[in-house]
Visitor: 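Take a look at this one; I'll ask things after.
In what follows, every heavy atom counts, from backbone to side chain, and hydrogens, waters and symmetry copies are set aside.
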Amino acid sequence: MHSQASAAAEKAVVAPYGSWESPISAAAVSAAGRTVEGLAVAGDGRLLWVETRPEEGGRAVLVKEAAEPGGDAVDVTPEGFAVRSLAQEYGGGAFAVQGDVVVFSNYSDQRLYKQTIGDNSAQPLTPDYTGSVLRYADGVFDPHFCRYVTIMEDHRKDSSNPVTTIAAVTISDRDANEPTVLVSGNDFYAFPRIDPIKRRMAWIEWSNPNMSWDKAQLWVGYFSEKGEVHNKICIAGGDPTLVESPTEPKWTSKGELFFITDRESGFWNIYKWDEESNLIVQLYSLDAEFSKPMWIFGVSSYGFLGKDDTSNKINGRSCAGVLDHDSGSFSELDIPFSSVTNIVSGDGFFYVEGASATLPVSIAKVTLDEKRKTATNFSIVWSSSEDVMQYASYFSLPEFMEFPTVVPGQKAYAYFYAPHNHIFQGSSDEKPPLLVRTHGGPTDEARGVLDLGVQYWTSRGWAFVDVNYGGSTGYGRKFRERLLGQWGVVDVNDCCSCATFLVETGRVDAQRLCVTGESAGGFTTLACLAFRQIFKAGNRKAYFERSPINFVDRFSCPIILFQGLEDTVVSPVQATTIYKAIKDKGLPVALVEYEGEQHGFRKAENIKFTLEQQMVFFARLVGHFKVADGITPIKIDNFDEPSFIPKEAFAYLLFWLGLRPVAAPYGSWRSPITADVVSGADKRLGGIALAGDGRLLWIEGRPEEKGRMVIVKEDDKPVDIIPQEFAARTLAQEYGGGAFSVKDNVVVFSNYKDQRLYKQTGVPVPLTPDYGGPDVSYADGVFDPHFSRYVTVIEEPKVLISGNDFYAFPRIDHNNKRMAWIEWSHPNMPWDKSELWVGYFSESGDLTKRVCVAGSNPMLVESPTEPKWSPKGELFFLTDRGSGFWNIYKWVEHTNEVISVYTLDAEFTRPLWVFGISSYGFLGESNHIVFSYRQHGRSYLGVLDSDIGSVSLLDTPFTDLSNVVTGNDYFYIEGASATVPMSIAKVALNEDRTKVVSFSIIWSSSSDVVQYSSFFSAPEFVEFSTSSTGQKAYAYFYPPSNPNFQGLPDEKPPLLVKTHGGPTAETRGILDLSVQYWTSRGWAYLDVNYGGSTGFGREYRERLLGKWGIVDVDDCCSCARVLVESGKVDERRLCITGRSAGGYTTLASLAFRDTFKAGASLYGIGDLSLLRAETHKFESHYTDNLVGNENAYYERSPINFVDKFTCPVILFQGLDDKVVPPDQARKIYKALKEKGLPVALVEYEGEQHGFRKAENIKFTLEQQMVFFARLVGNFKPGMDLRQVRNAGKFLIKLKSAC
């Protein structure tokens, strides 16, 4: 228990945390919001300081210490002026004093003014440039040339990239004069400091991309007789082997140069320049920071005690002390401050800005004894809150915390404030809510000092933690640099780790964690809310991926935003964009905008309002308590108007409040995985290849561009290669694939519209004639280095090329003039029976001698595929001879033998439905082969040393793998898993090529999918008994999953069975948002690999020969019955859906079985005879093997047995489909309509075999959901959907149920 709380526990009233009454009001906090922005000692030894006054709209006023102790301080700045610089936006260093003359920067016009203390008039020193286009800061008086030397920031030419210089301004004339530039050429300057003895000046400079605390330089320049800087010496920071950031140069009264730097140790310590030897001498070494990052000008962390003092003693920072630099002795001073910032010194005394856990930010005068080792007097000259002690009994004392980060063995730090109020205490069965504050900068520091803004929360029963995440200052360069390249990662992780640590130690309530931050702390706050699930509410390559504004869809809890409309550091547009997007998503959100405020609020009324509205916002949405103060809350969008709240918000709200999931009918659950999300995540890959520079090229299909296929190149931000009017897609064999190839920087691709080949290095140039339409298609091409040509499969209608029906994989040997290829003939498909050939080129480039390498032996049934030449000129390929599984083989040319390289009862490739498959590849010039195989429903990745036959399996996040292309010691692989959508990853290997050293996703079909992870249903690999005794088949089962809902106790979920296409294909248990669309709404989902599917060997695949429409139908029905019998699904609500061949299985299941209660067919086959008669060449004999005799064609065609249909059906069809012509769907629709069954037909103009347009993908998914819900589900879908009859943009035919 808090030490203060325990003392009063017996008398305290028990009340819910967060509801306690407290006298520390928001008005009290705003009144205590004065800040100090600079100190200096006037000629009479009295202090001058700049204080900001919230009650005057944040005006900054120069004030002078009272002449007598206990007297009133005197305002120096005349009314109408404000002492504030806007240099580098954060300002600071806005004034300097010499004797009784002050020079200051005026806020409204940013001009420099000279003023004599006591005189209420101010004389302008710089011209009026009409606006704040020239800004000045960090100036000093130059006693040698009667001028003022200052940092000057010139915005006249470029407001976003101003020119910074060191300039001189004459102060002796009455007229305003143009400043004279003394030092220029670098990006930034600070601390111009002039030697009082010699004519010379020290300064700090640095350049982009560094900040001043990353790497800077200290220079000394000598003045000429005219006052110009003509001889410059780099004192520190110029050694390229030494990283340091020198700062705060100061000259002693004797002309010695001191400064602070962090060389070697990584801590800012005190050094001196020895001019004679030009060496740097360390005066005092300690693993502690003697300065802080230069966010604002005018930092002063040390000073010399008296200009005539012979000991030249120096005051250090933080733990205040006196250093005798001659002897090296250090005397720590005992003063009430535990946090010390700026120091200015006089003769035997100094003024220090500081605070402690019980003292607010103040300025104190410290007087020393004669030996200057002990403080003899400590008196507060100024306080940010003079009457603060009246609240002392309510103060929570900070507890310095060290907590573990996500990096093993690494620590970070924080100040924890327990709830404290001597009148109240929490109940024993409740833990307090926690507010985590993320400091700004991010290169800044939280300090455990008295802050009424913290006590406002703790005195009301909140716990509060101020986190010094990795990257904060005060702990040395190593700690500070944890954030380099990791902003939005390390800070977020540390804040979450700290909150988790407090939860695990039982100090706070895990269900009431909130986070707040300003500026850079606001970024960390937003990143915590966008990318983590720790907090329940909040207030405010890597640039894109770590910017919360790009991932608003990942926010899942309430947020309130506060923004100054004149903020030039963080544009108000950012807050407005986040507000709008979160509002559109349906989350509770509020935005407060303040006119006249910039980066950091200065007006009392705004400080007060901000604090109060945070409190009431958190209390209403997270706290479970009523705020004791009479605060009128602002309107919270999506919360204060229930009649207008999107229905999703109610379920989310239950989740935010830590309540149990709501029991609701299966199928009616609300889910953020909308059809829009699914269609947006439906990007497709159309091939990958390596360019000459080692970077990847790939084709991606974009639903938002009507399915356009675009060649993209890997870069920090991927770059489109082909112009907007082109699309890389071939129609060869209707299914396409292999639409491009690359050599060095030359790409050849097939253009979708005209099907011509184009060569591109800049503007695409056609390589093939224009036949007046897409009559000739090209695919699977390669560059022929021997004859400077492109070798490709060419497909012309009704014409046989070179004597066989089909060709694929033309692959040319790089060492000799040979080409390998695959060919096959009707009635076979390439996976039934094919042949591998090698041909030799003549001098003219013709193929002369030809050798059949595999597939010609009539005693051996095999289907060789994927020939590839190794770097040594050896021919490797995959075939399924003997075992019936596609394994790796090699051709021995001189004996014309085929030898096995690696055998396993697993599939090392997949059927050639599309061109361009690449299931393995050679690593550079080595004998190592990267491969993948499928076994027992998942993929494995490995490297094979083909010389010795050893295999090393590789560990990656992918459990499903397809195409691979290889580099020297790395490769790119297409893959996915149950939690990772289809992606491309770059995988780097160790020197032995046996282990993965790095794995990075470079492309994802849905890059923002992780935001929905809490809704994902994980697939269960199911092995079930078929209708054939002793025979097994396989499937993936997805149970309903939604963190906000659960089913009713007496109800089982509806089931949707998906039948994959092909039918010689395979379903894989990977993340597919179109599956999660159903499961997150309370549906069970089943993806069946019926007999005939691939991935399980030839014997399994051939179960379907002569049995299509029987084995597949039986297996789908058997699996559904198994789930019913095991109590997992509702027998009365079994539905089925499928595409293409899967659509045929769907229709056959509905026509010839009574298992399912409704179905959806997407471009499915209804008439097998019509399919054979009208389909394209590639599949024109495919059905002969699958169906068998003529009687079977009739008996298994659903269209011939419409009278057997007994349940509703919805059909979706593309009108440009050449694989399954639209007539099939129309005949089914017409027949079912005439029978009187509920039926609907949706036809899409411009779609072919497979829907590619986002709006059609979305509509198809939504209409299946509402169709099944209306006719089978007995529930209302958890979303508002238009019924199919009202969709005017589609060609709709609907027969409703009576």
Visitor: Just by distance, do the side chain of Arg789 and the backbone of Gly845 share a donor-acceptor pair under 3.5 Å?
Guide: yes

Visitor: Does the side chain of Ser777 come within less than 4.5 Å of Ser750's, by heavy atoms?
Guide: no

Visitor: Would Trp831 and Thr865 count as having a side-chain donor-acceptor pair, cut-off 3.5 Å?
Guide: no

Visitor: So which atom in Tyr807 and which in Trp824 form the shortest heavy-atom distance, rounded to 0.1 Å?
Guide: C-CZ3, 4.1 Å

Visitor: For the backbone of Val746 and the side chain of Asp744, can you confirm whether one donor and one acceptor N or O come within less than 3.5 Å of each other?
Guide: no

Visitor: Give, for atom OH of Tyr1163 and atom CD of Gln1248, the distance between the pair rounded to the nearest 0.5 Å.
Guide: 11.5 Å

Visitor: Can the positive tip of Lys868 be found less than 6.0 Å from the middle of the six-membered ring of Phe922, inside 45° of the ring normal?
Guide: no

Visitor: Verify whether one side chain among Thr1137 and Gln1264 offers a donor that lies under 3.5 Å from an acceptor in the other.
Guide: yes

Visitor: Under 6.0 Å from the six-membered ring centre of Tyr1036 and within 45° of its axis: does the NZ or CZ of Lys1058 meet both?
Guide: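 Because its charged atom misses either the 6.0 Å distance or the 45° angle limit, Lys1058 does not stack over Tyr1036.
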
Visitor: What I want to check is whether the side chains of Thr1059 and Thr1146 have a donor and an acceptor closer together than 3.5 Å.
Guide: yes

Visitor: For the atom pair CZ (Phe908) and CG (Asp880), what is the distance rounded to the nearest 0.5 Å?
Guide: 13.0 Å

Visitor: Let me confirm one number: the CE-OG1 distance from Met829 to Thr1064, rounded to the nearest 0.5 Å.
Guide: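 OG1 of Thr1064 is found 7.0 Å from CE of Met829.
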
Visitor: Looking at Arg1101 and Asp832, would you say the former's side chain and the latter's main chain have a donor-acceptor pair under 3.5 Å?
Guide: no

Visitor: Which heavy atom of Arg1068 sits nearest to which heavy atom of Ser939, and what is that distance?
Guide: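 Minimum heavy-atom separation between Arg1068 and Ser939: NH1-OG, 4.1 Å.
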
Visitor: Looking just at side-chain N and O atoms, do Tyr972 and Glu714 make a donor-acceptor pair shorter than 3.5 Å?
Guide: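 Indeed, the side chains of Tyr972 and Glu714 share at least one donor-acceptor pair under 3.5 Å.
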
Visitor: Do side-chain atoms of Thr909 reach the backbone of Ser919 as a donor and acceptor pair under 3.5 angstrom?
Guide: no

Visitor: Tell me if a side-chain donor or acceptor on Arg708 pairs with a main-chain N or O of Gln724 at a distance below 3.5 Å.
Guide: yes

Visitor: Taking it one step at a time, do Lys872 and Asp813 satisfy salt bridge (charged side-chain N to carboxylate O under 4.0 Å, His left out)?
Guide: CA-CA 9 Å; Lys872 297 178 181 178; Asp813 177 11; over 6 Å; no

Visitor: Closest heavy-atom contact between Val782 and Ser741?
Guide: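 What the structure gives for the nearest pair is CA-OG, 4.1 Å.
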
Visitor: Keeping Thr1183 on the side-chain end and Leu1186 on the backbone end, is there a donor-acceptor pair under 3.5 Å?
Guide: no

Visitor: Is the shortest distance from a Lys or Arg side-chain nitrogen in Arg695 or Asp715 to a carboxylate oxygen in the other one below 4.0 Å?
Guide: yes

Visitor: Would you say that Glu734 contacts Glu1179 through its side chain, given a criterion of any heavy-atom pair below 4.5 Å between the two side chains?
Guide: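 Heavy-atom side-chain distance check fails, nothing below 4.5 Å.
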
Visitor: Please check if the distance between the ring centroids of Phe958 and Phe999 is under 6.0 Å.
Guide: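 Here the rings of Phe999 and Phe958 have centres that are less than 6.0 Å from each other.
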
Visitor: CZ/Phe740 to CG/Asn751 distance, rounded to the nearest 0.5 angstrom?
Guide: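 Interatomic distance, Phe740 CZ to Asn751 CG, rounded to 0.5 Å: 14.5 Å.
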
Visitor: Between OG1 of Thr1260 and CD of Glu1247, what distance do you get to the nearest 0.5 Å?
Guide: 8.0 Å

Visitor: Classify the ring geometry of Tyr735 against Trp913: parallel below 30°, tilted from 30° to 60°, perpendicular beyond 60°.
Guide: perpendicular

Visitor: With side chains defined as the heavy atoms from C-beta onward, is the minimum distance between Ser1005 and Pro981 less than 4.5 Å?
Guide: yes

Visitor: Taking the side chain as C-beta and beyond, is there a heavy-atom pair between Tyr758 and Ile722 under 4.5 Å?
Guide: no

Visitor: Considering only NZ, NE, NH1 and NH2 on the basic side and carboxylate oxygens on the acidic side, decide whether Arg850 and Glu823 come within less than 4.0 Å.
Guide: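 Here Arg850 does not pair with Glu823 in a salt bridge, since their nearest N and O are not under 4.0 Å apart.
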
Visitor: Using side-chain heavy atoms (C-beta onward) and a distance below 4.5 Å, is Trp886 in contact with Glu866?
Guide: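 No, every pair of side-chain atoms sits at 4.5 Å or beyond.
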
Visitor: Regarding Ser1074 and Asp1072, do their side chains bring together a donor and an acceptor under 3.5 Å, going by distance alone?
Guide: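 Indeed, the side chains of Ser1074 and Asp1072 share at least one donor-acceptor pair under 3.5 Å.
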
Visitor: Side-chain contact test, heavy atoms from C-beta onward, threshold under 4.5 Å: evaluate it for Tyr771 versus Gln755 and give yes or no.
Guide: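 No, every pair of side-chain atoms sits at 4.5 Å or beyond.
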
Visitor: Is any side-chain heavy atom of Phe971 closer than 4.5 Å to a side-chain heavy atom of Val965?
Guide: no

Visitor: Could you measure the distance from the CG atom of Leu1071 to the OG atom of Ser1006? Nearest 0.5 Å is fine.
Guide: 7.5 Å

Visitor: Which heavy atom of Tyr1077 sits nearest to which heavy atom of Glu1262, and what is that distance?
Guide: OH-CA, 3.6 Å

Visitor: Ignoring hydrogens, what is the shortest heavy-atom contact between Val712 and Pro718? Give both atom names and the distance.
Guide: CG1-CB, 3.6 Å

Visitor: Please tell me if the side chains of Asp969 and Leu923 come closer than 4.5 Å, counting only heavy atoms from C-beta onward.
Guide: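 Sidechains of Leu923 and Asp969: no contact.
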
Visitor: At their closest point, which heavy atom of Ile1001 faces which heavy atom of Ser983, and how far apart are they?
Guide: CD1-CB, 3.9 Å

Visitor: Taking Val793's backbone N and O only, do any of them form a donor-acceptor pair with Asp780's side chain (distance below 3.5 Å, no angle check)?
Guide: no

